[in-house]
There are 2 protein chains.
Amino acid sequence: MGITLKELAQSLRLSPTTVSRALNGYPEVSEATRWRVIDAARRLNYRPNTRAKGLATGRAQAIGHVIPVTDRHEIVNPVFADFIAGAGETYARAGYDMVLSVVDDDEETQVYRDLVARGTVDGLIVHAPRQRDPRIPLLTELGVPFVVHGRATGTQVPYSWLDINNHRGFRRATAFLLELGHRRIALLNGLEELDFAIRRRRGYADALAEHGIVADPALMASGEMTETNARRAARAMLTLDRPPTAFLASSMILGIGLRHALWEAGLEPGRDVSVIVHDDELSYLGNDDGVPFFTATRSSVREAGRLCGEMLLDLMADPGRAPLTRLMEVDLTLGRSTGPCPTAPRASA
Amino acid sequence: MGITLKELAQSLRLSPTTVSRALNGYPEVSEATRWRVIDAARRLNYRPNTRAKGLATGRAQAIGHVIPVTDRHEIVNPVFADFIAGAGETYARAGYDMVLSVVDDDEETQVYRDLVARGTVDGLIVHAPRQRDPRIPLLTELGVPFVVHGRATGTQVPYSWLDINNHRGFRRATAFLLELGHRRIALLNGLEELDFAIRRRRGYADALAEHGIVADPALMASGEMTETNARRAARAMLTLDRPPTAFLASSMILGIGLRHALWEAGLEPGRDVSVIVHDDELSYLGNDDGVPFFTATRSSVREAGRLCGEMLLDLMADPGRAPLTRLMEVDLTLGRSTGPCPTAPRASA
DNA sequence: TCGCGACCCCAAACCGCTTTGGGCACGCCG
DNA sequence: CGGCGTGCCCAAAGCGGTTTGGGGTCGCGA
């Protein structure tokens with residue numbers, strides 16, 4: 001579409017070599033020439049062709065994100081939007097492109113192989129890791145730099161990851177509910193094939209265990225994180241003989257479905273029932289209108305995207321380096337959805 | 001990373017020419033040879049290098065999506081996730097990659113120029129068109145195939161687009177509320193710089209006008225489509241001297257914020273107040289648990305993504321062709337959030 | 001037997017950039 | 001004055017594919 005380097009060179013009566021060097025900041029050209037070149041390039045709106053440059057340098061200047069679409073349900077996780085926005089900011093600053101593949105679970109490994117073998121990307125972000133996720137050994141074997149957003153329990157080889165402290169966050173949240181006197185605490189979790197959901201469940205169970213409570217399977221739901229699923233699960237739990245007095249929900253969306261179910265049952269969050277959600281700080285689901293509605297474990301997934309991007313760029317700058325890891329702590333922010341357990345005996349003050 | 005064409009050719013004792021032709025289905029090679037080549041390619045896991053192929057053919061085999069992030073608010077529109085999932089499916093089937101740029105409003109034109117001049121993409125999807133959107137003349141001038149998701153009121157030049165019938169949808173929804181006896185109908189809309197919001201507002205106003213009602217500015221809110229904004233706007237409207245008895249909300253998220261405000265005010269949707277939302281059928285916000293909660297104008301944005309992708313591919317296949325346009329009708333599906341106006345005089349049966 | 005298409009295959013040019021390996025001119029030093 | 005850096009610039013060789021323009025072999029008809 002645009003003008004070519006050779007044409008630019010001709011118009012300046014210079015060789016392509018010199019023009020290339022001038023534009024890329026090499027010292028072998030005089031400052032006067034460099035200036036002429038840069039000026040002409042701007043005037044003629046010259047931009048180096050991505051493919052040609054990539055072919056010559058061996059780098060694609062692009063990062064791949066493979067976002068899985070769970071086969072049966074066809075759910076697109078809404079946190080991807082914010083994560084990708086964050087990562088995109090980082091890439092833009094560094095002059096990298098982002099290439100996205102939306103792909104069924106079962107074609108996943110093929111797509112990774114493809115992206116790497118065709119040289120479409122220089123690095124990859126792995127989303128939504130599962131237990132012993134096969135993508136990690138695969139990418140390690142392929143020798144392409146990658147960063148996992150999350151971790152994969154049970155993986156032996158070292159790898160780079162950025163995760164939030166799901167275990168501690170949910171343990172704290174559960175402990176907080178226990179301190180408020182709650183004993184019947186329910187967990188509305190994501191799919192427990194996914195690593196984050198496993199860790200959250202453990203944090204929850206560990207906190208209960210510390211109080212001598214065994215987690216009740218009837219109070220634990222796991223599934224795609226949709227509003228409908230949460231509403232349905234909560235509704236079922238509320239009809240139990242001994243219904244929960246408090247809920248933990250793994251996402252704002254689940255929290256919204258839960259809230260829906262509570263109101264349908266005539267229960268007021270914060271008074272009749274306590275609720276803590278995990279808040280990814282999605283831009284369109286702010287929980288912060290003055291005092292937050294939901295008490296929440298909170299961590300910005302957009303910031304996670306930014307940081308994952310930076311880690312990957314660092315990794316690519318020095319492929320031999322040891323894996324990078326980063327664990328972000330999550331805040332527990334108080335909202336209006338939690339309160340003392342109404343059925344509990346008053347705590348001795 | 002992978003094996004190269006030349007290497008593959010050597011291992012077969014053939015020339016690169018023949019191997020290339022065998023793999024690309026040209027008739028100049030014997031079927032026996034073709035088979036040998038294909039077999040070896042699979043065995044050795046050969047994939048043509050994207051950049052080299054692109055350089056040779058002049059095509060990038062990639063489509064660009066520029067997703068704007070409104071400068072001040074930093075909102076990432078959650079419908080992008082589903083739209084992109086849809087488009088991604090189409091691209092994957094056709095062997096195209098998708099490159100995403102997340103970019104501030106103000107750098108937008110630069111980014112488009114860049115993507116085209118660098119030859120990173122062969123075609124573009126334009127998201128979230130505004131009135132007289134400058135991107136449309138720009139891309140037309142650049143001569144790159146593109147499809148707009150939505151339309152841009154006030155644009156003179158013809159261009160390709162796929163839109164839903166926002167005007168008719170909101171007019172019908174408003175008319176439906178009017179038939180139920182509502183006269184004070186509020187509109188919670190998206191940013192009215194955006195084309196879809198303009199059309200929805202017009203549909204709403206037109207329906208009111210047909211009943212001799214002038215839209216009351218106090219009943220129209222417009223802003224980023226976040227839960228918080230909706231809740232705040234609804235709360236304010238409910239404290240008016242003559243509060244609305246019905247609401248139209250431009251998205252599920254707004255509907256959720258609205259529902260929140262209603263419940264806080266002790267009002268039950270469907271009985272005390274009627275609510276119609278626009279439902280993009282986001283995968284994680286299903287409105288379909290048996291009978292839908294919200295009465296809604298409904299249209300799958302994921303399907304829109306699929307179709308936009310197909311239109312663009314068609315357009316690229318024959319760049320000379322006239323612009324393609326497609327208007328999708330929206331359904332009005334009945335849920336439990338609408339009912340007769342409680343304060344209206346009984347309609348004569 | 002010879003000529004002529006088919007049928008297969010190959011060498012080489014090209015896509016647009018980077019990068020290696022000089023080459024020329026000038027100034028400086030011995 | 002000759003030699004030698006040094007500062008600037010260029011020609012040409014890739015990168016890994018596609019595509020153009022032959023070229024050899026074989027079978028068939030005259």
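Reminder, nothing fancy here: chain letters follow the sequence lines and each chain counts from 1. Quick note: numbers below take in every heavy atom, side chains included, and nothing from hydrogens, waters or symmetry partners.
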Give me the atom names and distance for the closest heavy-atom approach of B/R321 to B/D314. NH1-O, 3.7 Å

Which is it for A/T18 and A/S15 under the side-chain hydrogen bond (donor to acceptor under 3.5 Å, both in side chains) test, yes or no, and what are the steps along the way? CA-CA 5 Å; A/T18 304; A/S15 76; 3.1 Å; yes

In this structure, how many angstroms lie between the [atom2] atom of [N] and the [atom1] atom of [X], rounded?
X: B/K53; N: C/dC14; atom1: NZ; atom2: C1'; answer: 17 Å
X: A/R51; N: C/dT18; atom1: CZ; atom2: P; answer: 14 Å
X: B/N49; N: C/dC15; atom1: CG; atom2: P; answer: 18 Å
X: A/E7; N: C/dG16; atom1: CD; atom2: C1'; answer: 10 Å

By salt bridge (charged side-chain N to carboxylate O under 4.0 Å, His left out), A/R43 pairs with (sequence neighbours left out) A/D39

Under 4.0 Å between any heavy atoms, over every strand shown, what does A/S20 touch: base, sugar-phosphate, or nothing? Just pick one. base

Anything under 4.0 Å to a heavy atom of chain A counts; send over the first and last such nucleotide of DNA chain D, read 5' to 3'. D/dC8 to D/dG16

Do A/L282 and A/V79 touch side chain to side chain, with heavy atoms closer than 4.5 Å? yes

Phosphate OP1/OP2 of C/dT20: any A/Y26 side-chain N/O under 4.0 Å: no

Polar pairs (N or O, both sides) under 3.5 Å between protein and nucleotides 4-10 of chain C?
from	atom 1	to	atom 2	distance (Å)
C/dC9	OP1	B/T33	OG1	2.8
C/dC9	OP2	B/S30	N	3.2
C/dC9	OP2	B/T33	OG1	3.0
C/dC10	OP2	B/S15	N	2.8
C/dC10	OP2	B/S15	OG	3.0
C/dC10	OP2	B/T18	OG1	2.7
C/dC10	N4	B/R21	NH1	2.5

Based on the rotation axes of five pairs at each end, what angle does the helix from C/dT1-D/dA30 to C/dG30-D/dC1 bend through, to 10°? 70°

Pull out every protein N or O sitting under 3.5 Å from an N or O of nucleotides 26-28 of chain C, one pair per line with the distance.
none

Sequence neighbours excluded, the answer for ring-ring contact (aromatic ring centres under 6.0 Å, His included) partners of B/F80 is B/H127

